[in-house]
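We number each residue from 1, following the sequence as shown. Computation of the quantities below employed the complete heavy-atom set of this structure, encompassing side-chain atoms and omitting hydrogens, waters and symmetry-equivalent molecules.
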Amino acid sequence: MKPLDPRLLRLSRSARGFVVAAAGTGVLRTVATIAIAWGIAATVTEVVDVVHHGGVVPSTVVPTLALLAGAFVLRAVAAWATDDLAARAAATVKSELRRTVLARAAERGPAWLAERSSAGFATTLGPGLDALDAYFGRYLPQLALTAIATPVLLVAIGFGDLTSGLIVLAALPVIPVFMILIGLATQTLQRRQSDALARLGGAFLEAVEGVATLKVFGRARRQVARIGTVTDAYRRGTLGVLRLSFVSGFALELAASLSVALVAVSIGIRLVDGSLGLGAAMFVLVLAPEAFAPIRQVGADFHAAQDGVEASAAVLDVLDDAHAPVVDAAVPAASDALALDAVTVRRPDVVVGPVSLTAPAGTLVVLAGPSGSGKSSLIAAIRGVLPHEGTVRVPGVAGTTTRDRIAWADQRPRLVRGSVAENVALSAEPDLDDVRCALRDAALGLDPGLQVGAGGTGLSGGQAQRVAVARALYRHRRADTRLVLLDEPTSALDAEAEAHVVDTLRRLADAGAVVVVASHRPAVLAAADVRVDVAASGAVAVAGVRA
């Protein structure tokens, strides 16, 4: 692991500012530490002189004690400032990384997200990045302090006693060697633990998403044992990491203690033979443990920071993925028609297209074909979120992006915990009048204030699907989008509800919108102005079906 990933500094201004601030507080703490050592040595020497000179207190005692007290206060304030800055930096950097990753995911589109585990992605952005608290709160401040304090304290010890300085200089490399060996031993273990956390999140998410199906087939209770097995594996891995952390901490403490003992023995021998003064001896004895403490603490904090480092590395790898497709964010020219020119989508199993058509305002286009033929892929290409060959021109006014010109409903209703109105508007402050209008057009008589659970819990499949349709209708009404895309909007509806939705789509087209619907339902096909047949082989045929 790199002590500090330069990508983190490039992507987060807060991280750069914190490293500089941590270096500044490190300087203050180092100066305060040297002042404390000098104050203690001077105070002890003056007390001994008082005893040897008949109890006369020299005038320098009070200033020395004042300096010692001031040094303790300065060190405490610097330590508090470091902790405060670390907490603020961790919160800000986590927020910046999450916003950046979510924005990059939106740029790359659902095709890129579909290649990744949603649970693993959520775990990385959630609990994974939360582990950066230890990275910024303990590891980085200690790393900055070590980089500043260790050489400065070594020079101070050398000025006090050159022999002790050489002993400390010879003993210091022992601790980094131990740290490297321990780091190599823990790197694989820590990565395995991070993967175990992602698997645990994935197993829990899969069980929650499929609980209804599992109950129908009487398999719900088996998931308890499955999640228990994954959880137990994660628990054992955590204990293994903690065990190795304690052993490594003991090794670092032992190395530092033996090194300080060498300095103490050397000082004691030279105090006895009179070759070293008491003041210099006390100064070096106080500073010797402080010289080893920063680098020793870095090794101890290394383990606490590893979880955050693994999560941030995963996030940074996502951001640095040069091979990931990026959605074209260019602003297209103004247009009144949807135009596809030799659009071809290459999937692993089939090549869909090429398809060419021009659908002017007021056209209802139906993409027909068997399930899995590529209708959803064509809709994704029209939306601009799936790489494709050929060109797509989306209707809309000048100065708006492709995303601004589209209202869209997926074939799988993606509902979140909250009210029906919040799910329709995708906002915490929906316009209730427009929500009711959208629900009415979607043939859904639900109360906008009705609360639903994650994934649409509390609603039937048909109701959830119509909430998704109402979401597209709400956006069309609010944003005046010229293109409405619907993927299998009536697959879970009865004949009466389907007829109502089809009538709504017909009215949208008659009002001047271009409506594109992927469906194989006869009622939807009958309402089409243009029919695009997508065969299982990927071949596409376009035909006008209405006068």
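Distance check, rounded to the nearest 0.5 Å: CG of L483 to CZ of R393 gives 12.5 Å. In this structure, D447 CG and L439 CG are separated by 9.5 Å, a value rounded to the nearest 0.5 Å. R507 CZ to L364 CG: the interatomic distance, rounded to the nearest 0.5 Å, is 13.0 Å. How far CZ of R436 is from CG of D441: 14.0 Å, rounded to the nearest 0.5 Å. Note: L378 CG to H388 NE2 = 10.0 Å, rounded to the nearest 0.5 Å. Atom CZ of R466 sits about 12.5 Å away from atom CG of L473, to the nearest 0.5 Å.
Atom CZ of R347 has more than 12 neighbouring heavy atoms from other residues, nucleotides or ligands inside a 6.0 Å radius.
Of the possible donor and acceptor atoms, none in the side chain of T25 sits under 3.5 Å from a partner among the backbone N and O of T82. The closest donor-acceptor contact from the side chain of R531 to the backbone of V365 lies at 3.5 Å or more, if one exists at all.
Nearest heavy atom pair, residue I382 against residue L340, reads CG1-CD2, 4.0 Å. Between T490 and S519, the closest heavy-atom pair is OG1-OG, 4.3 Å. Of all the heavy atoms in T358 and A337, the pair that sits closest is CG2-CB, 4.2 Å. Closest approach of V501 and A442 over heavy atoms only: CG2-O, 3.9 Å. Considering every non-hydrogen atom in both S377 and L386, the closest pair reads O-CD2, 3.6 Å. Contact between A468 and A409 at its shortest, heavy atoms only, is O-CB, 3.5 Å.
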Could you check R88 against T92 for side chain to side chain donor-acceptor pair (under 3.5 Å), going step by step and ending with a plain yes or no? CA-CA 6 Å; R88 294 175 185 272; T92 305; over 6 Å; no

Pair H500, T504 - check side chain to side chain contact (heavy atoms under 4.5 Å, CB included), show working. CA-CA 6 Å; H500 191 107; T504 297; 3.8 Å; yes

Given V516 and L338, is the side chain to side chain contact (heavy atoms under 4.5 Å, CB included) satisfied, shown in steps? CA-CA 10 Å; V516 179; L338 170 66; 3.6 Å; yes

Run the side chain to side chain contact (heavy atoms under 4.5 Å, CB included) check on V502 and R521 step by step: do they pass? CA-CA 11 Å; V502 170; R521 300 286 287 260; over 6 Å; no

Stepwise side chain to side chain contact (heavy atoms under 4.5 Å, CB included) test for T344 and V351: CA-CA 7 Å; T344 303; V351 177; 3.4 Å; yes

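Inspection of the Q411 and S491 side chains reveals no N or O donor paired with an N or O acceptor under 3.5 Å. Using modelled atom types and a 3.5 Å distance limit, the side chains of R405 and T481 yield no donor-acceptor pair. With hydrogens and angles left out, the side-chain atoms of S376 and D487 include a donor and acceptor closer than 3.5 Å.
At least one side-chain heavy atom of E488 sits under 4.5 Å from a side-chain heavy atom of K375. A heavy-atom distance below 4.5 Å is found between the side chains of L508 and H476. Contact annotation: the side chain of I406 approaches that of V394 to within less than 4.5 Å [non-hydrogen atoms, C-beta and beyond]. Between V467 and L444, some side-chain heavy-atom pair lies under the 4.5 Å cut-off. Residues L415 and L459 meet the side-chain proximity criterion, which asks for heavy atoms closer than 4.5 Å. Within the 4.5 Å cutoff, the side chain of V352 has heavy atoms near those of the V534 side chain. In this structure, H520 and L525 have side chains that are not in contact, with every pair of non-hydrogen atoms separated by 4.5 Å or more. Considering only heavy atoms from C-beta on, D533 stays 4.5 Å or farther from V540 through its side chain.
The side chain to side chain contact (heavy atoms under 4.5 Å, CB included) with L367 is formed by just one residue from the set I379, V524, V355, V517; it is I379.
Both tests pass for R383 against the ring of W408: distance under 6.0 Å to the centre and angle within 45° of the axis.
Applying the salt bridge (charged side-chain N to carboxylate O under 4.0 Å, His left out) test to every pair with at least one member in residues 335-346, sequence neighbours left out, gives these pairs: R346-E389.
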All N/O donor-acceptor pairs, side-chain side in residues 421-433, below 3.5 Å, sequence neighbours left out:
unit_1, atom_1, unit_2, atom_2, d
E422, OE1, S419, N, 3.1
N423, OD1, V416, N, 2.8
N423, ND2, V416, O, 3.0
N423, ND2, S419, O, 3.0
S427, OG, E429, N, 3.1
D431, OD1, D433, N, 3.1
D431, OD1, D434, N, 3.1
D431, OD2, R478, NH1, 3.1

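Salt-bridge annotation for R471 and D410: absent, with no side-chain N of the basic residue lying under 4.0 Å from a carboxylate O of the acidic one. A salt bridge is absent between R506 and D503; no separation between the charged side-chain nitrogens and carboxylate oxygens falls under 4.0 Å.
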